[in-house]
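Since we're looking at a predicted model, the values are computed, not measured. Just the heavy atoms: all of them, side chains too, but no hydrogens, waters or symmetry mates, feed the values below.
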Amino acid sequence: MQGFADSGVAETYVMEATKGKAPRKVRPYRLDYRPLIDRELTNRAMSFMERQVNEDKPFFVYLPYTATHFPTLPHPEFSGKSGNGPWADLLMQIDSYTGELLEKVEELGVSNNTIFIFTADNGPEALDFGSTNLTVETATHGSPGPWRGTLFTGFEGALRVPFVVRWPSKIAAGRSSDEVVHAMDIFPTLAKLSGGRVPTDRVIDGMDMSEFILGKQKESGRDGFIVYMGEDIFGVKWRNWKLHFKEQDAWNSQMFTYTMPRVYNLLTDPQERDNVLFPKTWVPKAALP
């Protein structure tokens, strides 16, 4: 299912489609349906998994929840449940739905042969308050914690997200790592683990992380990545260093473009405020060979 604006009509619809068939409109996607859609998406995901397993077929489920994006509207079953505001209610909701998915995998008897990944695509919502000032807004939008920045910035608060992988028969439980893994790496990694092939007729930015995830090597093999904002290169992350060519504090703030990159040591300066380019002039050359 996917929402989209119908051509020529000021209305957004939830769509449904299967391979080889034209999409059909399920219902209008209005504010009253906003708190309910993730419940339905979870139900549909579990139903799909059950059908595939019953037909002895493999399955792939990509389930991007909508809930943590603005406006923050938890399902009625979770509204007020946490006692700590709508954001905390939504966290409980997502925890609960994720637990249902895991239980369904167990119930279907395929947990040992199912790779389950929980991750996100960005940090907290694009807000207008300083990342070091925890205001009432954090009750409805979350917080980047010790990091600076939100969605639509190039700072660590926008880039760092949870990444958890569960595969009982292959991955040891309880293992954690501070190694860099990028969302782009999921495609080649899953292709390798499932016996698929990565196209060779185009550039694939992702790296195969299968050996790292399986615990066969301690390092991920990724030293860093380029930080894009739209079509602009905002910076480069390399090990514990960040190079910034452009910066903006929020989606609607002024963007600064620098003639010389700003360099931050993320170990000593997680807020990315102390430019150490001059004492660390070797970093750009090492990060940009």
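- Counting only distance, with no hydrogens or angles, the side chain of Asp185 and the backbone of Met207 share a donor-acceptor pair below 3.5 Å.
- Neither Phe59 nor Leu190 shares a network with the other; the hydrophobic side chains, linked directly or stepwise wherever heavy atoms of I, L, V, M, F, W or Y lie under 4.5 Å apart, form separate groups for each.
- For the pair Glu219 (side chain) and Gly221 (backbone), a donor-acceptor distance under 3.5 Å is absent.
- Figure legend: Arg166 and Phe116 shown without cation-pi pairing, the cationic atom not lying both under 6.0 angstrom from the six-membered ring centre and within 45 degrees of its axis.
- Residues Leu151 and Trp251 fail the side-chain proximity criterion, which asks for heavy atoms closer than 4.5 Å.
- Under the 4.5 Å side-chain heavy-atom criterion for Ile, Leu, Val, Met, Phe, Trp and Tyr, Phe187 and Phe225 are members of distinct hydrophobic clusters.
- Using modelled atom types and a 3.5 Å distance limit, the side chains of Thr66 and Asp38 yield a donor-acceptor pair.
- Using a 4.5 Å cut-off on side-chain heavy atoms (C-beta onward), Ile94 and Phe118 make contact.
- Salt bridge annotation for Glu247-Lys242: absent, with no cationic side-chain nitrogen under 4.0 angstrom from a carboxylate oxygen.
- Within the 3.5 Å criterion, the main-chain N or O of Asp274 finds a donor-acceptor partner in the side chain of Asp269.
- The environment of CG in Asp178 is sparse: at most 12 heavy-atom neighbours from other residues, nucleotides or ligands sit within 6.0 Å.
- Ser210 and Asp208 form a side-chain donor-acceptor contact under 3.5 Å, judged by distance and modelled atom types alone.
- Residues Arg222 and Glu179 are not in side-chain contact: their nearest non-hydrogen atoms beyond the backbone lie 4.5 Å or more apart.
- Around the NZ atom of Lys246, the shell of radius 6.0 Å holds more than 12 heavy atoms that belong to other residues, nucleotides or ligands.
- Looking at Leu63 and Tyr97, their side chains never come closer than 4.5 Å, going by heavy atoms from C-beta outward.
- With values rounded to the nearest 0.5 angstrom, Glu103 atom CD is found 9.0 Å from Glu107 atom CD.
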One pair to check against side-chain contact (heavy atoms from CB on, under 4.5 Å): Thr153 and Phe234. What are the steps and the verdict?
CA-CA 9 Å; Thr153 75; Phe234 267 43; over 6 Å; no
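- For Glu156 and Lys237, the salt-bridge test passes: some basic side-chain N is under 4.0 Å from an acidic carboxylate O.
- Looking only at side-chain heavy atoms (C-beta outward), Phe212 and Ser177 come within less than 4.5 Å of each other.
- The closest side-chain heavy-atom distance from Leu108 to Met49 is below 4.5 Å.
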One pair to check against side-chain contact (heavy atoms from CB on, under 4.5 Å): Leu101 and Val61. What are the steps and the verdict?
CA-CA 11 Å; Leu101 294 168; Val61 175; over 6 Å; no
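- Through direct or indirect side-chain contacts shorter than 4.5 Å among Ile, Leu, Val, Met, Phe, Trp and Tyr, Val283 is connected to Ile226, Tyr228, Ile233, Val236, Trp238, Trp241, Leu243, Phe245, Met260, Val263, Val276, Leu277, Trp282, Leu288.
- With hydrogens and angles disregarded, no donor-acceptor distance shorter than 3.5 Å links the side chain of Ser220 to the backbone of Val181.
- Residues Met15 and Arg24 form no side-chain contact, since every pair of their non-hydrogen atoms from C-beta on lies 4.5 Å or further apart.
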When you look at Ser47 and Arg51, which way does the side-chain contact (heavy atoms from CB on, under 4.5 Å) test go after all the steps?
CA-CA 6 Å; Ser47 177; Arg51 290 197 308 271; 3.1 Å; yes
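- The hydrophobic clustering, which links ILVMFWY residues whose side-chain heavy atoms are closer than 4.5 Å, places Val161 and Phe163 apart.
- Linking Ile, Leu, Val, Met, Phe, Trp and Tyr whenever their side-chain heavy atoms come within less than 4.5 Å puts Val227 and Val180 in one cluster.
- Side chain of Gln52 to main chain of Pro58: a donor-acceptor pair is present (N/O by atom type, distance under 3.5 Å, no hydrogens or angles).
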Which is it for Arg39 and Leu36 under the side-chain contact (heavy atoms from CB on, under 4.5 Å) test, yes or no, and what are the steps along the way?
CA-CA 6 Å; Arg39 173 71 271 172; Leu36 310 178; 5.5 Å; no
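- Look at Arg44 and Glu40 and you find a salt bridge, because one of the NZ, NE, NH1 or NH2 atoms lies within 4.0 Å of a carboxylate O, short of that distance.
- Stacking of Arg34 on the aromatic ring of Tyr29 is not recorded, the 6.0 Å distance cut-off and the 45° axial limit not both being met.
- From Arg27, atom CZ reaches atom OH of Tyr13 across 11.5 Å, with rounding to the nearest 0.5 Å.
- More than 12 heavy atoms of other residues, nucleotides or ligands sit less than 6.0 Å from atom CZ of Arg175.
- No donor-acceptor pair under 3.5 Å is formed between the side chain of Asn240 and the backbone N or O of Asn265.
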Please evaluate residues His244 and Tyr264 with respect to the criterion ring pair (Phe, Tyr, Trp, His ring centres under 6.0 Å), reporting the C-alpha separation (whole Å), side-chain torsions for both, the decisive distance (0.1 Å), and the verdict.
CA-CA 8 Å; His244 282 252; Tyr264 302 112; 5.3 Å; yes
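- A perpendicular orientation is assigned to the rings of Phe78 and His75, their planes being inclined by more than 60° (bins at 30° and 60°).
- Hydrophobic clustering of Ile, Leu, Val, Met, Phe, Trp and Tyr side chains at less than 4.5 Å, counting indirect connections, keeps Leu41 apart from Leu31.
- In this structure, Glu50 contributes its side chain and Lys104 its backbone to no donor-acceptor pair below 3.5 Å.
- A 4.5 Å side-chain heavy-atom check between Ile204 and Arg202 finds at least one atom pair inside the cut-off.
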